[in-house]
Protein chains: 2
Amino acid sequence: MNPKERRAARHRPPNPEAEPGSRPRRRKDPITVDQVVDTALGLVATEGYEALTMRRLAGALDTGPASLYAHVVNKADLDELLIGRLCAGLVLPEPEPATWREQLRGVCAQVRDQYLAYPGISRAALAMAPTDLETVRVSEGMLAILLAGGVTPQAAAWAADALLLYVAAYCLEISVMRQRKADDDTDWVVDTAELRRRLTALPAETFPHTTRHAAELTAGTGHERFDFTVTLMIDGLAHR
Amino acid sequence: MNPKERRAARHRPPNPEAEPGSRPRRRKDPITVDQVVDTALGLVATEGYEALTMRRLAGALDTGPASLYAHVVNKADLDELLIGRLCAGLVLPEPEPATWREQLRGVCAQVRDQYLAYPGISRAALAMAPTDLETVRVSEGMLAILLAGGVTPQAAAWAADALLLYVAAYCLEISVMRQRKADDDTDWVVDTAELRRRLTALPAETFPHTTRHAAELTAGTGHERFDFTVTLMIDGLAHR
DNA sequence: TCTATATACGAACACCGTTCGTGTCAAATA
DNA sequence: TATTTGACACGAACGGTGTTCGTATATAGA
């Protein structure tokens with residue numbers, strides 16, 4: 001079967017006939033798509049998205065790279081599957097108009113934590129068209145919360161998009177920083193203290209505010225910066 | 001001279017002695033860093049960031065890829081140079097407390113237009129540590145406007161970061177969409193009308209809001225979505 | 001004029017995503 | 001039961017990527 005048909009079939013509603021029952025076992029364990037996605041996610045979780053190559057993934061499955069293309073159309077297709085699996089793990093609350101802001105913040109934090117659990121995977125999320133079924137599911141969930149909060153449909157639609165975009169960009173930045181710190185063989189140092197020191201060392205006449213407020217620029221242990229921006233956008237929606 | 005020293009020298013304040021005067025001319029035109037950056041930007045402008053390869057860049061300069069490494073440490077270093085050049089072209093207004101919101105929107109729009117003029121280059125901006133001198137220059141400019149607007153230093157610092165992050169992510173999404181449309185040989189269709197049709201075709205019982213508000217989700221000719229988000233964040237800062 | 005040094009660059013290395021052709025086995029058919 | 005079929009696994013290869021090494025060369029200074 002053509003893997004493109006396979007991909008199309010994946011997006012189609014599952015066919016209730018053709019019960020899998022006892023799957024035929026091939027020479028080795030005949031690699032399923034779920035296995036591929038699982039090991040790929042494991043690879044990303046332990047070594048980062050940059051380490052996810054078709055060859056290394058195939059190696060982790062004890063086979064050659066060509067074998068993957070029986071289950072996956074592309075690397076882009078694999079990325080889509082990964083993001084889909086990741087989105088499927090999100091729990092979307094039942095909208096409660098009284099607490100819509102907390103609910104929305106919770107969903108954003110959930111997406112962030114998922115992205116950060118698989119370092120660099122937000123790059124794939126950003127490079128992907130949000131057409132995938134699982135991603136529209138989370139979009140639908142955020143839309144539901146926003147509408148329950150009394151936000152106008154147009155603002156809700158754009159806000160959901162903006163929030164997801166920001167979360168992905170934030171996580172990508174964090175992942176890049178951490179990776180920089182990982183292969184620290186050079187002087188790319190991005191330690192917070194070192195960064196602040198470097199900012200204060202700038203010429204004060206051309207960068208007056210940067211040098212004066214270097215502390216604020218580098219502040220934010222944990223996800224305070226994240227919380228600030230998400231809250232800023234959500235509260236901005238409320239004041240309308 | 002080691003190109004890493006060259007990179008370090010680039011970040012140092014320019015040495016007033018050692019006037020270049022009449023540059024020695026080598027066998028061919030002895031490629032300068034500015035030439036490299038110029039042709040690289042030209043390549044990105046016409047064929048997109050994905051087409052920016054060391055080999056193609058070398059080819060555009062009528063040489064081999066190895067020659068580039070005399071002027072550039074890395075591809076990452078080249079990316080940094082490109083973003084630096086791009087940031088250097090931005091004009092940062094003198095802060096006026098009365099119109100700080102319009103000024104900030106103007107800077108964001110300027111960054112957006114620069115990113116979109118070089119399709120896909122925002123990917124490089126997102127993957128880069130904001131340590132570069134030219135990028136802290138625009139950061140400084142935004143900070144100045146925000147502080148002039150009466151925003152508290154901590155909020156100003158985080159807001160500038162958030163805005164730049166969102167602009168980069170927005171431009172990356174736009175560029176990916178356009179690239180998809182460019183090599184349209186397959187059914188990746190992301191035409192606005194087609195996307196709306198596909199959203200309305202979803203099962204209404206599981207995606208009630210998505211199907212009902214497909215029009216709003218796909219709305220936004222031009223940069224209305226962009227203006228919405230930027231204004232949302234800026235106005236959110238004002239109401240504090 | 002001669003040497004020293006920074007530069008240009010051909011060739012190669014290791015890796016990437018992807019494709020082609022072939023071999024092999026389980027299931028359907030005769 | 002014997003045979004065909006066809007989906008799958010996989011070795012090998014192609015064209016592309018970033019990067020490095022060694023060498024040739026042309027200019028700057030002695």
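These numbers come from a predicted model, not from an experiment.
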- Between A:Q114 and the options A:I121, A:I83, A:V167, A:L90, the side-chain contact (heavy atoms from CB on, under 4.5 Å) test singles out A:L90
- Rounded distance in Å - CG (B:L61) to C1' (C:dT7): 15 Å
- How far does CG of A:D38 sit from CG of A:L43, to the nearest 0.5 angstrom? 12.5 Å
- Heavy-atom check, side chain of A:L78 versus side chain of A:M54, under 4.5 Å: yes
- Hey, could you give me each pair passing side chain to side chain donor-acceptor pair (under 3.5 Å) that has a residue in residues 118-129 of chain B? Not counting sequence neighbours. B:E50-B:R123
- Length of the CG-C1' vector between B:D79 and D:dG18, whole Å: 12 Å
- Query: Are OP1 or OP2 of C:dT7 and a side-chain N or O of B:H71 less than 4.0 angstrom apart?
  - Reply: no
- Query: How about B:L199 and B:F207: do any of their side-chain heavy atoms sit closer than 4.5 Å?
  - Reply: no
- With the sugar-phosphate defined as primed atoms, P, OP1 and OP2, and the base as all remaining atoms, what B/S/- string results for nucleotides 10-18 of chain C, 5' to 3', for protein heavy atoms under 4.0 Å? BBB---BBB
- Message: Whole angstroms only, please: what is the CD1-P distance between A:I31 and D:dA7?
- Response: 18 Å
- Less than 4.0 Å between a side-chain N and a carboxylate O, is that true for A:E173 and A:R178? no
